[in-house]
Amino acid sequence: MASGVKRRVKVPKKAKAGDTITIKTLISHKMESGQRKDKDGNVIPRSIINRFVADFNGQNIIDVTLEPAISTNPYFQFEAIVAESGEFKFTWYDDDGSVYDTVKKIEVS
Amino acid sequence: MKLTRRKVLAIGTGSLAYFSLCGLPAFASLADDAVAELTGGAEIEEGGVTLTAPEIAENGNTVPIAVSAPGAVSVTIFADGNPVPNVATFKFGPLNPSHMASTRIRLAKTQNVIAIAQMEDGSFRKAQSNVKVTIGGCGG
């Protein structure tokens with residue numbers, strides 16, 4: 001699942017200092033649980049995103065440990081407080097060792 | 001849609017066949033064990049953490065849930081009817097003022113979703129919600 005992984009993140013472009021903003025993130029991933037079987041009865045091996053981290057200017061907002069019970073295309077919504085302009089960094093860690101990340105800038109006045 | 005007797009029977013047998021494919025039997029004790037592993041046997045108080053989950057989920061593959069726990073360091077979600085009870089752990093950083101998060105989870109069948117919050121003082125808080133699942137999300 002190293003190719004074709006789409007990251008979608010919704011962050012407001014501008015905010016006032018001290019504002020609490022809502023962030024929505026989604027990554028396309030099949031999140032194979034390791035419980036399913038193919039038509040020959042063989043277990044399909046587990047392949048999921050196992051960790052998601054959101055940071056702002058190097059400070060942590062949220063750090064999520066994912067288990068197979070998280071739905072396909074893992075979606076998260078959470079809040080963050082912004083004091084100055086900077087960069088949000090979102091990182092997803094795949095079972096196969098791949099790391100996907102995306103950066104969003106915000107202008108704080 | 002009007003439910004005729006025939007349709008009810010068809011739905012009934014369909015879902016039975018679906019559940020029988022679910023593989024591992026799931027027991028509530030699995031979730032209890034998982035919770036005990038997290039808390040180390042410490043006492044868990046009710047309140048202080050809010051878990052929002054639908055009463056009825058038509059599709060167990062994507063059940064929207066939300067947790068909010070002011071003053072919590074982390075919140076762990078368990079589903080006591082899933083083959084693996086652990087669902088997710090949210091650790092809140094310094095820039096997260098509300099300590100709330102929402103996501104979508106899989107539920108294999110009708111069961112309790114449990115949120116255990118670890119507070120800043122090391123104590124544990126709990127919230128629980130029963131979710132009725134029409135179509136299980138275990139994948140068969």
Side-chain angles (χ1 to χ4, degrees), chain A residues 15 18-27 29-39 41-44 46 48-84 86-89 106 108, chain B residues 21-26 30-31 34 38 52 57 59-70 72-108 111 113-114 131 136-140:
Chain A
D19 267 5
T20 299
I21 58 164
T22 301
I23 299 170
K24 293 174 183 175
T25 72
L26 187 138
I27 188 164
H29 195 282
K30 62 184 188 299
M31 294 292 277
E32 191 58 60
S33 67
Q35 299 284 338
R36 299 199 311 154
K37 289 176 182 166
D38 62 17
K39 55 179 185 285
N42 304 315
V43 173
I44 305 169
R46 177 185 130 153
I48 66 166
I49 301 271
N50 56 45
R51 188 169 170 227
F52 166 69
V53 180
D55 289 318
F56 179 67
N57 287 351
Q59 268 194 300
N60 183 246
I61 303 164
I62 197 165
D63 184 340
V64 188
T65 309
L66 288 75
E67 305 286 344
I70 296 291
S71 300
T72 307
N73 303 341
Y75 161 84
F76 293 107
Q77 182 186 332
F78 50 91
E79 289 179 339
I81 195 158
V82 284
E84 75 272 331
E87 271 185 359
F88 286 100
K89 192 178 184 203
I106 187 166
V108 173
Chain B
L21 290 172
C22 278
L24 280 175
L30 266 179
L38 172 77
T52 313
N59 184 355
N61 265 318
T62 51
V63 184
I65 60 153
V67 289
S68 131
V73 182
S74 71
V75 176
T76 307
I77 313 287
F78 298 96
D80 70 3
N82 272 6
V84 180
N86 298 53
V87 175
T89 305
F90 299 94
K91 287 196 195 87
F92 299 110
L95 293 184
N96 196 325
S98 54
H99 290 208
M100 78 72 126
S102 65
T103 185
R104 297 172 187 152
I105 67 171
R106 287 177 179 144
L107 296 175
Q111 58 183 295
V113 177
I114 304 159
V131 181
C138 71

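Chain letters run A, B, ... following the sequence lines, proteins first, then strands; residues in each count from 1. Both backbone and side-chain heavy atoms feed into the values below; hydrogens, waters and symmetry mates do not.
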Tell me, with the steps shown, if Phe90(B) and Phe76(A) meet side chain to side chain contact (heavy atoms under 4.5 Å, CB included). CA-CA 11 Å; Phe90(B) 299 94; Phe76(A) 293 107; 3.7 Å; yes
Does any backbone or side-chain atom of [X] lie under 4.5 Å from a heavy atom of chain B? Answer side chain, backbone, both or neither.
| X | value |
| --- | --- |
| Ile70(A) | both |
| Thr72(A) | both |
| Leu26(A) | side chain |

Please confirm whether the backbone N or O of Ile65(B) pairs with a side-chain atom of Thr52(B), one donor and one acceptor, at under 3.5 Å?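 Judged by distance alone, no pair lies under 3.5 Å.
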Taking all non-hydrogen atoms of both residues into account, name the closest pair between Thr65(A) and Lys91(B) and its distance.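 Minimum heavy-atom contact is OG1-NZ, 4.2 Å.
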Could you report the tightest heavy-atom contact between Val63(B) and Ala57(B), atom names first, then the distance?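 Shortest heavy-atom separation between Val63(B) and Ala57(B) comes out as CG2-CB, 3.8 Å.
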Choice from Thr25(A), Ile81(A), Leu66(A) maximising heavy atom contacts with chain B below 4.5 Å: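 Most heavy-atom pairs under 4.5 Å with chain B: Ile81(A).
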